Protein chains: 4
Amino acid sequence: MGVSERRQREKRARRTSIMDAAKRIFSAKGFNAATMEEIAQAAELSPATLYLYFKNKNDLYASLNLRMLEFLVKQLKELAGREDLGPREKVRGFSDALYGVYQEDPLILFNVFHLQSTQTLKELAARTTAKINQLSGQALGLIAQVFREGMEAGQFRQVHPMAMADVVWGCFSGLVLWEDNKKLFDPKKQFLKPTLDLAMETLVRGLAVE
Amino acid sequence: MGVSERRQREKRARRTSIMDAAKRIFSAKGFNAATMEEIAQAAELSPATLYLYFKNKNDLYASLNLRMLEFLVKQLKELAGREDLGPREKVRGFSDALYGVYQEDPLILFNVFHLQSTQTLKELAARTTAKINQLSGQALGLIAQVFREGMEAGQFRQVHPMAMADVVWGCFSGLVLWEDNKKLFDPKKQFLKPTLDLAMETLVRGLAVE
Amino acid sequence: MGVSERRQREKRARRTSIMDAAKRIFSAKGFNAATMEEIAQAAELSPATLYLYFKNKNDLYASLNLRMLEFLVKQLKELAGREDLGPREKVRGFSDALYGVYQEDPLILFNVFHLQSTQTLKELAARTTAKINQLSGQALGLIAQVFREGMEAGQFRQVHPMAMADVVWGCFSGLVLWEDNKKLFDPKKQFLKPTLDLAMETLVRGLAVE
Amino acid sequence: MGVSERRQREKRARRTSIMDAAKRIFSAKGFNAATMEEIAQAAELSPATLYLYFKNKNDLYASLNLRMLEFLVKQLKELAGREDLGPREKVRGFSDALYGVYQEDPLILFNVFHLQSTQTLKELAARTTAKINQLSGQALGLIAQVFREGMEAGQFRQVHPMAMADVVWGCFSGLVLWEDNKKLFDPKKQFLKPTLDLAMETLVRGLAVE
DNA sequence: GATGAATGAGTTTTCATTCAT
DNA sequence: TATGAATGAAAACTCATTCAT
């Protein structure tokens, strides 16, 4: 292994460790309240160093979201690709897959919305924006595909598969936010997983051909 | 009508006009980007005056959410109270009621999440926090009640009614955010209402007793 | 005198006092080394207050230059308008007029060059840039006019009057900078006025028709 | 040629290449806006390496000015030494000599003034400051000498030769700055050379003994 | 000798909020 | 009651410079 190779690896490791620190801070405080100073402290670096790895706060934040999207797509791909499951089981499986994403990065969804600001978007590298769009499109597409299969297999009613994907995704993200909200008042309560199960189960039944 | 009574009325009118201005600015820019200065300008007042009517920025913001919650509860009450509709129709009716809230204040939900910050909550008048909780609990309760009715009438499967309310609310708020997100890239696309319809319809079917 | 009138006057006075403080600091340290913090201290205000009166550091700086240009134009107008002086005396008079500008604001010329940065220019209000150009054009025009008069009166050789104005202005600004430079090593030395006198005298003679 | 000799040569070559890169960057952006990072990139080196050859940014900058002064002195020496030219022709010749300096390094004069800051001077090696003073004194002296010759030859009026040198130098540097300023608004306009010619011609005539 | 990586020390600017009038 | 004016407190970001390798 050459020197430059090791350098590369170290650099990536540092990048990752910054992202991990940022995840903690952003999750705990939200995008605006989190300061680069805090993130730097959490990463045991100086604030200036953060800027060696990320163009600015927005960029750091976007990278986090990218990572989450990549994980989401990976989970969905695995689920969609399983040959031992029928469409119904796969829809029920969304619950596990999505919940897995939530566990990996519990509060990041909560801040996704920061990215929606047009101003924020403009400050990101075009490549980053494009990648975010591509990945989220891919995730939605994978979900829709499961519904399409179910219809083709005659198990689901004919509905617009992409609309069902929207329902699933909307339901998930809404429940995550809702969970967070509830936690503020009762930190122990964990209703997300069972509620998600219920939602998916109801969707499966609701799509069933009589 | 006494002098003090008129004063009261004028005061409330001014309060309302500030809130209207604030709604416009917050909706357009989001909580953090909106400045008190801007809001004051929109209300044709000086920034200092705003503080005569609201404790601080958070309080002004919370008041807006309160107003939206009141509107939501009103809509749901009306729906729940209608005797010409059965549980199934009422669940389908959630779509209209919730969409009405969205139309009244399209972006306010988008910022609701700001309120979740513990720090923010601490800065609110305790009465405000309490009222927000009471109203959102009431709204959820009204939704749950419809499901309960349906079960009692033997039309719906036995599930936890409150969990179904969570599903409905999560689905709604998630789709609103999702809609906003999509609008950034294609401002004309409006998929919220039909998707909401589809979601409610699927829930109704999914709860049906075979 | 109404309240608003007094307010206006106070506001202008404060603006002026900030500019005076800024002049001191900029002159002593140059544009880049001078900090808004220092200027604020010199003006006995908080840095934030400066931004109530000037858009940003560049704007404050440009305002200073504007003021100097206005003074310069005033001096030149007075000189050019005197009917008791012939062209030769007026050219000699440039020395006094220009030296007066220097005394009014000894080091400001030194920093004029900061304004040349295209980036700086872009951050100024278009109106400011326009006014700067207008005034400096006017000053040059007034100088050129004196030479033109001399030629028309048959006292000066035929040369391009605007070019002579450039010579006068270039000579003045160059000598100011040169003076500052020398002062660094020998603060007492004051050669500007006599040198300027010599320069103007030589120009007058150099233009004389044999 | 020994090894150490070659080392010396290589070292000097690298120093020169850094200075060339620095000249490009400083000229394009001015002292403050230019970053060591940029200069290093232009020199295809790492920023750290720059510090092996120059004490700091100021020192690098001063070295550039030194180089320019050396060039200026060389030009003036050549001019002053020509036996085929009389004092009048030599004064006219200043125009070419000075313009040559300008062409060699069009914007360096523009930034010379940075060096005047006392703070900057303190950060320079004492040797550098001394050399700058020595060279600029020498340049002025060479100019003055030409005037002195003219007076001794009975061609020029009796004036203080050093003062005339100041006039020439002031006129030159002032016009260079003025040219740069004009270029901002009309990049094609080039008035420096003819104006310099006019200035020198007028000085020659102005000094003529009747 | 050369450098990749890291950082300390600033600086401008923004805004919610206050207070004398 | 209303407000013009003022400001304290931050926070993002920059860059010359250093140092272990």
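Model, not experiment: these values are computed from the prediction. Chain letters run A, B, ... following the sequence lines, proteins first and then strands; every chain starts at 1.
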Quiz item: Of all heavy-atom pairs between B:Ala40 and B:Ser46, which one has the smallest distance, and what is that distance?
Solution: CB-C, 3.7 Å
Exercise. Using whole Å, report how far CD of B:Gln41 lies from P of F:dT3.
Key: 13 Å
Self-check item: Euclidean distance, atom NZ of residue B:Lys29 to atom C1' of E:dT14 [Å, nearest integer]
Solution: 13 Å
Quiz item: How many Å lie between CD on A:Glu37 and P on F:dC13, as a whole number?
Solution: 14 Å
Quiz item: Can you check the A:Lys55 NZ to F:dA12 P distance for me, whole Å?
Solution: 16 Å
Quiz prompt | Where C:Ser63 and C:Arg15 come nearest, the two heavy atoms and their spacing | solution = OG-NH2, 3.7 Å
Quiz item: For the residue pair A:Ala43 and A:Ile18, what are the closest heavy atoms and their distance?
Solution: CB-CA, 4.3 Å
Self-check item: Under 3.5 Å donor-acceptor, A:Lys29 side chain and A:Thr35 backbone
Solution: no
Practice problem: Grab the OH-P distance between C:Tyr51 and F:dA9 for me, whole Å please. | Solution: 18 Å
Quiz item: Just checking D:Tyr53: base, sugar-phosphate only, or nothing, at a heavy-atom cut-off of under 4.0 Å?
Solution: sugar-phosphate
Quiz item: Between D:Phe31 and D:Lys57, which heavy-atom pair has the shortest distance, and what is it?
Solution: O-NZ, 3.0 Å
Self-check item: Interatomic distance where CD1 belongs to D:Ile25 and C1' belongs to F:dC15 [whole Å]
Solution: 15 Å
Exercise. Considering non-hydrogen atoms only, spot the tightest contact between A:Leu45 and A:Arg14 and give its length.
Key: CD2-NH1, 3.4 Å
Quiz item: Given that both pair distances must be under 3.5 Å and the pair must be Watson-Crick or G-U, what runs of three or more consecutive pairs involve DNA chain E?
Solution: E:2-21 with F:2-21
Self-check item: Under-4.0 Å side-chain N/O to phosphate OP1/OP2 contact, A:Lys11 with E:dA5
Solution: yes
Self-check item: Value in whole Å for how far the C1' atom of F:dT14 lies from CZ of A:Phe54
Solution: 18 Å
Quiz item: Rounded to the nearest Å, what distance is computed from the CG atom of residue A:Asn56 to the C1' atom of nucleotide F:dT14?
Solution: 13 Å
Practice problem: Measure across A:Phe54 and A:Met19 and return the closest heavy-atom pair with its distance rounded to 0.1 Å. | Solution: CZ-CG, 3.6 Å
Self-check item: Of C:Asn32, C:Asn65, C:Ile39, the residue whose pairing with C:Phe26 passes side chain to side chain contact (heavy atoms under 4.5 Å, CB included)
Solution: C:Ile39
Got a list of protein N/O to nucleotides 7-11 of chain E N/O distances below 3.5 Å?
from	atom 1	to	atom 2	distance (Å)
E:dT7	OP2	A:Ser46	N	3.1
E:dT7	OP2	A:Thr49	OG1	2.5

Quiz item: Side-chain contact, heavy-atom cut-off 4.5 Å: B:Lys11 with B:Leu52?
Solution: no
